[in-house]
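Residues: numbered from 1 along the sequence shown.
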Amino acid sequence: MTTLTEPCPMQAWADAERAAGRRIALVPTMGALHDGHLALVAEARRRAERVVVSVFVNPIQFERRDDFEQYPRPLDDDLRICAGARVDAVYAPSAAAMYPEGFQSAVEVARLTEPLCGAARPGHFRGVTTVVTKLFHAVRPDVAVFGEKDYQQLAVIRRMTADLDFGIEIVGVATVREPDGLALSSRNRRLGADDRAAARCVPRALDAAADVVRAGERRAAAVVARATAVIGAEGRARLEYAELRDPETLAEVTEVAGPALLALAVWVGGVRLIDNRMLVPEGDDR
Ligand code: PAF
């Protein structure tokens with residue numbers, strides 16, 4: 001496995017692989033790798049002969065300095081995990097390599113970034129689309145793989161890739177969960193034991209909402225209220241948002257007439273957790 005830390009050597013490595021006729025898949029990450037990332041790597045491996053994992057904690061997508069500083073950075077462990085997963089190259093640039101003195105450019109997607117995490121975290125998606133563009137230019141992959149846990153991020157990257165003619169296939173992979181339903185996230189390792197137990201309210205809220213839809217409820221307000229009640233019953237949790245949205249446009253929906261995305265952001269013990277569930281009314285085969 002090769003480790004590269006600068007854009008030019010990364011481009012040269014990828015150019016050589018492409019010249020040899022090999023397809024390249026990129027898995028962009030911020031490190032602190034877990035089984036959710038390994039599912040992305042496995043999908044990447046199915047779709048290309050060479051797999052690149054990028055590991056970069058991107059300062060410009062954090063709107064809070066403390067969150068950026070506390071973000072775990074176990075690079076040696078990450079490299080070991082990548083080697084064990086037969087990753088071909090890790091791209092782990094420094095902040096100075098990514099944003100050298102004088103850097104002043106950005107890539108921005110408009111409407112899709114306005115609601116949900118975009119409303120709660122001003123500038124976040126601008127930071128994501130800018131760094132993902134730079135990663136795409138460094139690796140120029142045929143395919144890039146992202147997790148569906150960050151549903152809005154995946155939608156925004158799909159839009160950007162199509163709008164700006166990147167010519168890269170974007171693949172989403174289903175969320176990997178702990179046995180009790182909590183979505184895997186690098187942030188989970190910051191949860192103390194009591195908060196970890198409390199965090200279970202997030203998948204429980206999604207389950208409860210899915211249950212009421214299965215029982216015939218179609219009013220978005222009632223479905224959201226059910227999820228909100230489950231979070232509200234957990235004293236250690238604070239709801240940031242619970243919203244039902246159109247899966248394509250992320251516009252608000254008032255009725256579950258077809259598949260609808262329930263998206264949650266919940267704070268537990270100073271850690272912000274996001275999760276989502278596609279709610280599909282009975283008899284809808286889409
Ligand atoms: O999902 C993430 O880990 C990050 O937002 C990404 C896509 C690697 C960009 O920094």
Inset, instruction - Evaluate side-chain contact (heavy atoms from CB on, under 4.5 Å) for Val52 paired with Val27, printing each intermediate quantity in order. - result: CA-CA 6 Å; Val52 180; Val27 180; over 6 Å; no
Minimum side-chain heavy-atom gap [X]-[Y] below 4.5 Å:
{"X": "Glu6", "Y": "Pro93", "result": "no"}
{"X": "Thr254", "Y": "Arg219", "result": "no"}
{"X": "Arg121", "Y": "Asp67", "result": "yes"}
{"X": "Leu184", "Y": "Arg177", "result": "no"}
{"X": "Glu178", "Y": "Arg196", "result": "yes"}
{"X": "Met278", "Y": "Tyr151", "result": "yes"}
{"X": "Leu273", "Y": "Asn188", "result": "yes"}
{"X": "Val53", "Y": "Val41", "result": "yes"}

Between [X] and [Y], does at least one N-O distance fall below 4.0 Å, as a salt bridge requires?
{"X": "Glu252", "Y": "Arg245", "result": "yes"}
{"X": "Asp142", "Y": "Arg18", "result": "no"}
{"X": "Arg22", "Y": "Glu17", "result": "yes"}
{"X": "Asp207", "Y": "Arg204", "result": "no"}
{"X": "Arg45", "Y": "Asp88", "result": "yes"}
{"X": "Arg218", "Y": "Glu255", "result": "no"}
{"X": "Arg111", "Y": "Glu114", "result": "no"}

Which distance, rounded to the nearest 0.5 Å, do you find between the [atom1] of [X] and the [atom2] of [Y]?
{"X": "Ile157", "Y": "Ile170", "atom1": "CD1", "atom2": "CD1", "answer": "7.0 Å"}
{"X": "Ile60", "Y": "His124", "atom1": "CD1", "atom2": "NE2", "answer": "11.0 Å"}
{"X": "Glu234", "Y": "Asp195", "atom1": "CD", "atom2": "CG", "answer": "8.5 Å"}
{"X": "Leu38", "Y": "Glu43", "atom1": "CG", "atom2": "CD", "answer": "13.5 Å"}
{"X": "Ser185", "Y": "Arg190", "atom1": "OG", "atom2": "CZ", "answer": "9.0 Å"}
{"X": "Glu248", "Y": "Leu112", "atom1": "CD", "atom2": "CG", "answer": "9.5 Å"}

Legend entry - salt bridge (Lys or Arg N to Asp or Glu O under 4.0 Å) evaluation trace for Arg140 with Asp15: CA-CA 8 Å; Arg140 293 193 214 111; Asp15 285 348; 2.9 Å; yes
Under a 4.5 Å side-chain heavy-atom rule over Ile, Leu, Val, Met, Phe, Trp and Tyr, are [X] and [Y] clustered together?
{"X": "Val224", "Y": "Leu206", "answer": "yes"}
{"X": "Leu135", "Y": "Val87", "answer": "no"}
{"X": "Leu75", "Y": "Val57", "answer": "no"}
{"X": "Val131", "Y": "Val139", "answer": "yes"}
{"X": "Val202", "Y": "Leu191", "answer": "yes"}

Over all heavy atoms of both residues, which pair between [X] and [Y] is shortest? Give the atoms and the distance, please.
{"X": "Leu33", "Y": "Thr29", "value": "CD2-OG1, 3.6 Å"}
{"X": "Leu182", "Y": "Ala199", "value": "CD1-O, 3.7 Å"}
{"X": "Ala32", "Y": "Pro72", "value": "CB-CG, 3.8 Å"}
{"X": "Gly127", "Y": "Asn58", "value": "O-ND2, 3.0 Å"}
{"X": "Asp78", "Y": "Gly31", "value": "OD2-CA, 3.2 Å"}
{"X": "Thr130", "Y": "Ala106", "value": "OG1-CA, 3.4 Å"}

Inset, instruction - Give me the ring orientation class for Phe136 and Phe146: parallel if the planes are under 30° apart, tilted from 30 to 60°, perpendicular past 60°. - result: perpendicular
Inset, instruction - Could you check whether the rings of His34 and His37 sit parallel, tilted or perpendicular, using 30° and 60° as the cut-offs? - result: tilted
Heavy-atom donor-acceptor pair, [X] side chain to [Y] backbone, under 3.5 Å:
{"X": "Thr113", "Y": "Phe125", "value": "no"}
{"X": "Arg47", "Y": "Val143", "value": "no"}
{"X": "Gln152", "Y": "Leu116", "value": "no"}

Inset, instruction - Determine whether more than 12 heavy atoms belonging to other residues, nucleotides or ligands lie under 6.0 Å from atom CZ of Arg159. - result: no
Legend entry - Atom CZ of Arg86: over 12 foreign heavy atoms under 6.0 Å: no
Inset, instruction - Please determine if Arg272 forms a cation-pi arrangement with Tyr71, meaning its NZ or CZ atom is less than 6.0 Å from the six-membered ring centre and no more than 45° off the ring axis. - result: no
Legend entry - Derivation and outcome, salt bridge (Lys or Arg N to Asp or Glu O under 4.0 Å), residues Glu49 and Arg23: CA-CA 5 Å; Glu49 286 88 33; Arg23 271 170 67 81; 5.5 Å; no
Inset, instruction - Would you check, one step at a time, whether the test side-chain contact (heavy atoms from CB on, under 4.5 Å) holds for Val55 with Tyr91? - result: CA-CA 6 Å; Val55 175; Tyr91 181 42; over 6 Å; no
Inset, instruction - Walk me through it: do Trp13 and Arg50 pass the test side-chain contact (heavy atoms from CB on, under 4.5 Å)? - result: CA-CA 11 Å; Trp13 183 92; Arg50 290 288 178 260; 4.1 Å; yes
Inset, instruction - Begin from the C-alpha positions of Asp150 and Leu154 and carry the test side-chain contact (heavy atoms from CB on, under 4.5 Å) through to its verdict. - result: CA-CA 6 Å; Asp150 298 295; Leu154 177 58; over 6 Å; no
